[in-house]
2 protein chains.
Amino acid sequence: MSGIAYERGTPFLLARLGSLASRSWTAFLAGYGITQNQHAVLVVIREQGPLGQRRLAELAAMDARNIVAVLDSLTAAGLAERRPHDTDRRRRVVTLTTYGVRLIDTISEAAAHGQDHFLRSLDPAERDHLNDLLRRLYNAHVQA
Amino acid sequence: MSGIAYERGTPFLLARLGSLASRSWTAFLAGYGITQNQHAVLVVIREQGPLGQRRLAELAAMDARNIVAVLDSLTAAGLAERRPHDTDRRRRVVTLTTYGVRLIDTISEAAAHGQDHFLRSLDPAERDHLNDLLRRLYNAHVQA
DNA sequence: TATTGTTATACTCTATAACTATA
DNA sequence: TATAGTTATAGAGTATAACAATA
C-alpha cells in the first residue's frame with residue numbers, strides 16, 4: 001500500500017503477475033517432465049481433438065513457427081503424433097498418444113489441488129471471480 | 001465455449017494470459033526503446049526511491065542475479081545510476097536520472113490510454129474489479 | 001558465517017526473415 | 001497467389017552454479 005500507484009495498469013499487472021505465475025507453473029510442470037508450451041498444446045488437443053498445426057498454435061496462444069519445436073519434442077517423448085491429413089497433403093494432423101492422454105489427465109487433476117498457495121491472499125469468492133474474468137479474457141483473445 | 005474446460009485453473013490462466021499480455025506489453029514498450037524488465041525496475045525506483053539491488057530485484061519480481069544485466073543496460077542508456085552506499089561498502093544504491101524519470105512518466109501516461117484494446121471483452125466495472133484483484137495478488141507476492 | 005553484488009552458462013520463449021510443398 | 005509447415009537465427013527471460021568483497 002505504500003508509495004504512489006505509479007504504473008499498475010492491467011496489461012502491466014497481467015504481464016508481471018503472469019511472469020510470477022509462469023515460473024510457479026513451469027516448476028510444477030517440470031515435475032512431470034514437460035514445459036509450459038508442451039502442456040498448453042496437450043491441453044488443446046485433449047479438449048478439441050486432432051487438429052492441424054496452425055489452428056493448434058492459434059488455440060494454444062502460440063506462433064505457428066514456434067510450435068514446430070514443441071511438437072518435435074512432444075513426438076520424441078511419445079506424447080503426441082503427427083499424421084498426414086486425409087485430403088490436404090500440406091497438412092499434418094496432430095493427435096495424442098494414450099500416454100499423452102494419461103499424462104495430461106494426471107496433471108490436470110494434480111493442478112486443481114495445487115493452486116491454493118499461489119492464490120492464498122484471495123478468499124474463495126474472489127478466486128472464483130478472478131478465474132471467471134481471466135477465462136473470459138483468455139477465450140476472447142484465443143478464439144478471435 | 002465448445003469443449004470441456006479441461007485445464008483452466010487460475011495459475012494456468014495467469015501464465016497463459018500473462019504470456020499474451022507480455023507480448024503486447026513488450027511491443028508497446030519497444031516503442032520507447034526499453035524492455036519489460038527495464039520498465040519494471042524503473043517503476044519500482046520511481047515509486048520507492050533509491051534502493052539496493054537485492055531489494056530492488058525483490059520488488060520488481062526478478063532474481064538478484066538477473067537484475068545485473070538490466071541495470072547495466074539502464075545505466076548505459078542513461079536512465080539509471082549506481083552509487084556507493086553511505087556506510088555499507090558492499091551495497092550499490094540505484095537511482096533514476098532526470099531522463100529516466102521523464103521517460104517512465106511519459107510511458108505511464110501513455111499506458112493508461114493503451115490498455116483498452118486488450119481488455120475490450122470486459123465492461124468497465126469488470127475491468128476495475130480485475131485490476132483490483134490482480135493488484136492485490138501482485139502485492140501479496142512481491143512484498144512477502 | 002552471512003550478505004551484496006557479480007560472472008558464466010544453458011534452456012525456454014518469442015519474433016524476423018526466408019524457404020518448400022501443396023492448394 | 002495463398003496457405004501449411006518448416007528452418008535458421010537472434011534477443012529477452014530465467015535458473016543453476018560458483019565467485020569476490022564486505023559485514
Side-chain angles (χ1 to χ4, degrees), chain A residues 15-41 50-77 80-94, chain B residues 15-41 50-77 80-94:
Chain A
R16 285 274 108 195
L17 202 46
S19 173
L20 285 174
S22 186
R23 283 177 253 174
S24 167
W25 185 237
T26 295
F28 173 77
L29 290 177
Y32 297 90
I34 63 173
T35 68
Q36 214 180 120
N37 278 343
Q38 288 177 324
H39 175 265
V41 166
L51 287 165
Q53 294 187 197
R54 267 181 141 86
R55 178 64 176 153
L56 180 56
E58 194 178 13
L59 289 174
M62 297 183 53
D63 192 287
R65 295 159 235 154
N66 300 323
I67 209 174
V68 177
V70 176
L71 289 175
D72 287 347
S73 61
L74 285 177
T75 55
E81 289 174 346
R82 279 188 269 220
R83 298 177 184 173
H85 189 274
D86 287 341
T87 59
D88 190 338
R89 282 163 56 197
R90 292 174 304 179
R91 296 195 182 186
R92 308 180 70 179
V93 179
V94 185
Chain B
R16 286 273 106 194
L17 203 46
S19 173
L20 284 174
S22 186
R23 284 177 253 174
S24 167
W25 185 237
T26 295
F28 173 79
L29 290 177
Y32 297 90
I34 63 173
T35 67
Q36 213 180 119
N37 277 342
Q38 287 177 324
H39 174 265
V41 166
L51 287 165
Q53 293 187 198
R54 268 183 139 85
R55 178 63 177 155
L56 180 56
E58 195 178 12
L59 290 174
M62 297 183 52
D63 193 287
R65 298 159 229 150
N66 300 324
I67 210 174
V68 177
V70 176
L71 289 175
D72 287 346
S73 61
L74 285 176
T75 56
E81 289 174 346
R82 279 188 269 220
R83 298 176 183 175
H85 189 274
D86 287 340
T87 58
D88 189 339
R89 282 164 55 199
R90 293 174 304 181
R91 296 196 183 184
R92 306 179 71 179
V93 179
V94 185

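Residue numbers begin at 1 in each chain, while the letters A, B, ... track the order of the sequences.
As a whole-Å value, the separation of A/His85 NE2 from D/dT3 P is 16 Å. Counting to the nearest Å, the P atom of D/dG5 and the CD atom of A/Glu81 are 16 Å from each other. Atom P of nucleotide D/dG5 and atom CZ of A/Arg82 are separated by 9 Å, given to the nearest angstrom. Whole-Å rounding puts the B/Asn37 CG to D/dG11 C1' distance at 13 Å. B/Phe28 has its CZ atom 19 Å from the C1' atom of C/dA15, to the nearest Å. When rounded to the nearest whole Å, the span between CD of A/Gln36 and C1' of D/dA15 equals 15 Å. The separation between B/Met62 atom CE and D/dT14 atom P is 6 Å, rounded to whole Å. The distance between atom CG of A/Leu29 and atom P of C/dC13, rounded to the nearest whole Å, is 10 Å.
Contacts of A/Ser19 with the nucleic acid, taken as non-hydrogen atoms under 4.0 Å apart, involve only primed sugar atoms and P, OP1 or OP2. Among the heavy atoms of the strands lying under 4.0 Å from A/Arg54 is at least one base atom, whether or not backbone atoms are also near.
If you find the closest nucleotide of DNA chain C to B/Ala64 and to A/Thr26, the one lying nearer the 5' end belongs to B/Ala64. With DNA chain D read from its 5' end, the first of the two nearest nucleotides for B/Asp63 and A/Gln53 is the one closest to A/Gln53. DNA chain D is contacted by both A/Asn66 and A/Arg23; A/Asn66 maps to the nucleotide lying nearer its 5′ end (nearest heavy atom per residue).
Near-neighbour residues of DNA chain D inside residues 69-77 of chain A, defined by a heavy atom below 4.0 Å, are absent.
Within the model, atoms CD of A/Gln53 and NE2 of A/His85 stand 12.5 Å from one another, a figure rounded to the nearest 0.5 Å. Atom CD1 of residue B/Ile34 and atom CZ of residue B/Phe28 lie 9.5 Å apart, to the nearest 0.5 angstrom. For the atom pair CZ (B/Arg91) and CZ (B/Arg55), the distance works out to 11.0 Å, reported to the nearest 0.5 Å. A distance of 10.0 Å separates NE2 of B/His39 from OH of B/Tyr32, quoted to the nearest 0.5 Å.
Between the A/Arg16 side chain and the B/Ala60 main chain, a donor and an acceptor come within less than 3.5 Å of each other. Checking side-chain atoms of A/Ser19 against main-chain N and O of A/Ala15 turns up no donor-acceptor pair under 3.5 Å.
With sequence neighbours excluded, no residue forms a side-chain hydrogen bond (donor to acceptor under 3.5 Å, both in side chains) with B/Arg89.
A close approach under 4.0 Å does occur between a side-chain nitrogen or oxygen of A/Thr35 and OP1 or OP2 of C/dC13.
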Reading 5' to 3' through nucleotides 18-23 of chain D, protein heavy-atom contacts under 4.0 Å coded B for base, S for sugar-phosphate only, - for none:
---BBS

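Heavy atoms of other residues, nucleotides or ligands lying less than 6.0 angstrom from CZ of A/Arg82 number more than 12.
Between A/Val41 and the choices A/Leu71, A/Leu51, A/Val94, the side chain to side chain contact (heavy atoms under 4.5 Å, CB included) rule is met once, by A/Leu71.
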